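As structure tokens, the structure follows; a few thoughts come after it.
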Amino acid sequence: MMPLRRLLATTASLAILTSVAGIASAQDSEVIVADARLPVVEIYGDRSATQPGSVSSVGAETISDINADHPAEILNELPGVNIQMNSGQEHLIALRSPVLTGGAGQGSFLILENGVPTLAPAFGNVNSLFEIHHEAADAIEIVRGPGSAKYGSNAVHGLINVILDEPAPGDFFDARLTGSTLNRYRADLTGNLSNTAKVSLSLQDDAGWRDFTGVEQQKFSANYGFDLAGWNGLAWLSASNLNQETAGFLEGYKSYRDDDTATTNPNPEAYRDAQWAMGAVRLSREVGYGELTLTPFYRWQEMEFAQHFLPNGGFEENGHDGFGLMSKYEIGQGDPVIWRIGADVDISSGWLKETQPDPFGFFPGDTRFPTGVHYDYTVDTTMLALWGEAEWKVSDGLIILAGLRGETHDYDYTTDVPAGTYGRFLVPDDREDSFDLLTPKLGAIWTPSGSTVSYYANYARGERAPQASDLYRLQSQQGVAEAGVETMDSIEIGARGLVFGGALAFDVAAYYAEKDNFFFRDSDGLNVTDGSTRHQGIEGQANWVLSDQFTVSATVSFAEHTYTFDRIVGNGSEIIRSGNEVDTAPDWLGDLTLRWTPTERFEASVSAEYVGEYFTDPANQQTYSGHTLTNLRVAYDFSEDLQGFVIVRNLFDLNYADRADYAFGNNRYFPGEPLNATFGIRKRFN
């Protein structure tokens, strides 16, 4: 087995960027052969390495070396990504966007496993990375910007595609054991059976560094490769279980800066239990003049949690299950024009129940938050889609890609709570709704003759049908069926490739996007159904091999996310003006890592992660100043099969906030973890 650290320090990051750029082939580069990410991403991904658009990928070696306790620790090293960790495994996502909550947070980012959505289109979750088995991933692919032309609803701002490790030749067993100074313990176990099956199990037991914040999580995934009656097949199964005690927000201006306050938990009663499972089979074979790929799947999800983030409290139970089929037929491989057509179907049924057990009011006689059941409904959904794209190799250096997807979403809603208005809550009567989406894309990528740099331009539209909660979990200030199809049109230009004799790999892109029918919740907790926003920025990433011993990698993002409409809350407590910055949208994000590999066996790296200042309310009256975190990693290979490592996070013990928020008249924070160290070993048994 190749020493892990040596591979990462001198080649892995370069391989990732080179494979994304699509400049070198596997035959021309030992780096590509060693990393082996390119073929996998081309099979599952929204964009291959030679197509226009912004895409980043993280390989297996990098995932293993980061040894993330939370997927945000991996993804935040990529440009344009800002995932805020809250309490335990909770989180909120920003992907070329502000950090989004509510229906926008549920439906604006598409999470995939081997190219299959992990949740049904209408039943998203703002904590949408709960399910992914990142600990055992072979690669993670990020598409920044709309991916709706191929994957449809929910890929508005982009998608995250987790690619599970497939069976490899030979029989072996890998074990990784870690423990931290925060009383967090993990075991990651993988067994490979010849070249047909692979099974992975990840277990985490976290005592929690804040009061009453213990976390227990288990993840399982299995792959089985086979041939059947002329079909090449891969079957996989994934499941996860999360049981956590949850900490609430700290209230009070800059309360996260006080060490004693940061460890407290204002909501010791809060908890979250979440279970999920998905099974799928990918079948491929030659049919006629092309290749047909069919992927039937089934998924199931349930969750229960205390709504500690709302002042009136309450408990929510939700879940859904369903099945579907994704299909693709591709013809013309090796021809000037490659055609791809596909049809998808997703049939699911979901439910939600919200209960408030205790009385609450902001003032005596406040009747807006009645005790009892607020919502109890079921929604049956059907999604049907047709899509197609053409990839035209105009010349040796120019490729044009055009695509179009049309889909329809049907909802059948029934309520077990009598329809009507109950204080602040509006329960619609039984109803049916339908939404149609049409999402085009058009792009070009040009590589001048003899050049190692490619230039691209891309237009794409992202659309999402409303989440079930957008439509049926209403407030008394809303009307029924106000939520519509959210649409974002995006253009981008970029360049990527190799310079300085291949020592420096880079990828830089500039983008501009406008979004309509933006559905969000303001800082008074009121739903806004018809907002509009503008998004523009520039992103870059680079990897520079300075010498045999030193490698520098960096990402940087500058963005402006602004409202393009006016809104005044009825009592004047919050005023949104066109031109205001969207809250929780840092202008600057950055990551810088220096790796030192003096020998084949030893590596050390130091990294700095920067989050810039941002407003915490839509009226732009409250701010968070941002922070810079420093982490240190050291590893030593005792042999080809045994490695020890130490990871120190928050090296300078900075007091910072993972999330800063302003709501219901209060500054609120989730404090970040203090200085901590993780000690671990990796062992392979052949």
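Keep in mind that this is a model prediction, so the values were computed, not measured.
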Check the surroundings of atom CH2 in Trp392: do more than 12 heavy atoms from other residues, nucleotides or ligands lie under 6.0 Å from it? no

For Ala197, is there any backbone N or O sitting under 3.5 Å from a side-chain donor or acceptor partner on Asn223? no

Verify side chain to side chain contact (heavy atoms under 4.5 Å, CB included) between Tyr455 and Ile445, making sure each step is shown before the conclusion. CA-CA 6 Å; Tyr455 307 90; Ile445 184 166; over 6 Å; no

Under 3.5 Å, side chain of Asn82 to main-chain N/O of Asn76, donor-acceptor pair present? no

Could you go through the side-chain hydrogen bond (donor to acceptor under 3.5 Å, both in side chains) check for Ser434 and Asp410 one step at a time? CA-CA 4 Å; Ser434 183; Asp410 294 323; 2.7 Å; yes

Between the side chain of Ser194 and the main-chain N/O of Thr196, is any donor-acceptor distance below 3.5 Å? no

Can His133 and Ser221 be counted as having a side-chain donor-acceptor contact under 3.5 angstrom? yes

So, taking the atom named CG in Asp346 and the one named OG1 in Thr382, what distance separates them when rounded to the nearest 0.5 Å? 8.5 Å

Which atom of Gly462 lies closest to which atom of Thr439, heavy atoms considered: C-CG2, 4.5 Å

Test salt bridge (Lys or Arg N to Asp or Glu O under 4.0 Å) on Lys219 and Glu135; report intermediate values, then the result. CA-CA 9 Å; Lys219 298 179 183 178; Glu135 298 90 343; 3.3 Å; yes

Using a cut-off of 6.0 Å, state whether more than 12 heavy atoms not belonging to Trp300 lie near its atom CH2. yes

Any side-chain heavy-atom pair from Leu234 and Glu166 closer than 4.5 angstrom? yes

Restricting to non-hydrogen atoms, name the atom on Ala235 and the atom on Val281 that form the minimum distance, rounded to 0.1 Å. CB-CG2, 4.0 Å

Quick one: does any side-chain atom of Ser148 pair with a main-chain N or O of Glu463 as donor and acceptor, under 3.5 Å? yes

Between the side chains of Thr555 and Asp591, is a donor N or O closer than 3.5 angstrom to an acceptor N or O? no

Could you please spell out the steps behind the salt bridge (Lys or Arg N to Asp or Glu O under 4.0 Å) verdict for Lys198 and Asp165? CA-CA 8 Å; Lys198 178 168 285 188; Asp165 198 7; 2.9 Å; yes

Less than 4.5 Å apart, side chain to side chain, heavy atoms only: is that true for Asn114 and Ile163? yes

Could you tell me whether the side chain of Ser557 and the main chain of Gly80 form a donor-acceptor pair under 3.5 Å? yes

Would a distance-only check, ignoring hydrogens and angles, find a side-chain to backbone donor-acceptor pair under 3.5 Å from Ser97 to Leu95? yes

So side-chain hydrogen bond (donor to acceptor under 3.5 Å, both in side chains) across residues 394-406, not counting sequence neighbours, yields Asp344-Arg405, Arg405-Glu407

Do Pro71 and Ile83 touch side chain to side chain, with heavy atoms closer than 4.5 Å? no

So, Ser284 and Glu291: side-chain donor and acceptor under 3.5 Å apart, yes or no? no

Let me see the working for Val199 and Thr190 under side chain to side chain contact (heavy atoms under 4.5 Å, CB included), right down to the final yes or no. CA-CA 6 Å; Val199 178; Thr190 296; over 6 Å; no

Do side-chain atoms of Asp489 reach the backbone of Ala460 as a donor and acceptor pair under 3.5 angstrom? no

In Å, rounded to the nearest 0.5 Å, how long is the span from CZ of Phe435 to OG of Ser153? 10.5 Å

Check Arg299 against Thr118 and note the closest heavy-atom contact, atom names and distance. CD-O, 3.4 Å

Heavy-atom donor-acceptor pair, Asp380 side chain to Ser349 backbone, under 3.5 Å: no

Here the pair of heavy atoms bringing Leu504 nearest to Trp544 is CD1-CB, 3.7 Å

With heavy-atom distances below 4.5 Å as the criterion, would you say the side chains of Thr293 and Arg282 are in contact? yes

For Arg176 and Asp188: C-alpha separation, side-chain torsions, deciding distance, then whether salt bridge (Lys or Arg N to Asp or Glu O under 4.0 Å) applies. CA-CA 5 Å; Arg176 181 173 62 222; Asp188 299 294; 3.2 Å; yes

Determine, stepwise, if the pair Trp276 / Asn241 fulfils side chain to side chain contact (heavy atoms under 4.5 Å, CB included). CA-CA 7 Å; Trp276 170 87; Asn241 177 64; over 6 Å; no

With salt bridge (Lys or Arg N to Asp or Glu O under 4.0 Å) as the criterion, how do Arg144 and Glu539 come out once you've worked through the C-alpha distance, each side chain's angles and the decisive distance to 0.1 Å? CA-CA 10 Å; Arg144 307 189 304 276; Glu539 303 160 342; 2.7 Å; yes

Distance, nearest 0.5 Å, that separates CG of Leu129 from CD1 of Ile111: 5.0 Å

Give me the one residue out of Ile400, Val337, Ile399 that meets side-chain contact (heavy atoms from CB on, under 4.5 Å) with Glu391. Ile399

Of all the heavy-atom pairs spanning Arg96 and Ser54, show the shortest one and how long it is. NH2-OG, 3.0 Å

Under 3.5 Å, is there a donor-acceptor pair between the side chain of Thr452 and the main chain of Leu498? yes

Report the distance from atom OG of Ser108 to atom CG of Leu100, rounding to the nearest 0.5 Å. 5.0 Å

Do Phe506 and Val499 have side chains that get closer than 4.5 Å, going by heavy atoms? yes

Residues at least two apart in sequence or cross-chain that pass salt bridge (Lys or Arg N to Asp or Glu O under 4.0 Å) with Glu73, listed by chain then number, are Arg649

Rounded distance (nearest 0.5 Å) linking atom CD of Glu492 with atom CD1 of Ile538: 12.0 Å

Mind checking whether Phe685 and Phe173 have parallel, tilted or perpendicular rings, split at 30° and 60°? tilted

For Ala122 and Gln467, work out which heavy atoms get closest and say how close. O-OE1, 3.5 Å

Indicate yes or no: at least one non-hydrogen side-chain atom of Gln89 is less than 4.5 angstrom from one of His70. yes

Looking only at the aromatic ring of each residue, does the gap between the centers of Phe130 and His91 stay below 6.0 angstrom? yes

Is the backbone of Ala68 close enough, under 3.5 Å, to the side chain of His134 for a donor and an acceptor to pair up by distance? yes

Are Arg340 and Tyr329 in a cation-pi contact, defined as NZ or CZ under 6.0 Å from the six-membered ring centre and within 45° of the axis? no

Does Tyr289 have more than 12 heavy atoms from other residues, nucleotides or ligands lying within 6.0 Å of its OH? no

Rounding to 0.5 Å, atoms CG (Leu294) and CG (Leu325) come to a distance of 6.0 Å

With a 4.5 Å cut-off on side-chain heavy atoms, are Val156 and Phe109 touching? no

Chi angles and distances behind the side chain to side chain contact (heavy atoms under 4.5 Å, CB included) call for Ser469, Gln106: CA-CA 10 Å; Ser469 58; Gln106 293 173 342; 3.0 Å; yes

Between Gln301 and the options Asn125, Asp321, Asn318, the side chain to side chain donor-acceptor pair (under 3.5 Å) test singles out Asn318

Verify whether the ring centers belonging to His157 and His535 lie closer than 6.0 Å. yes

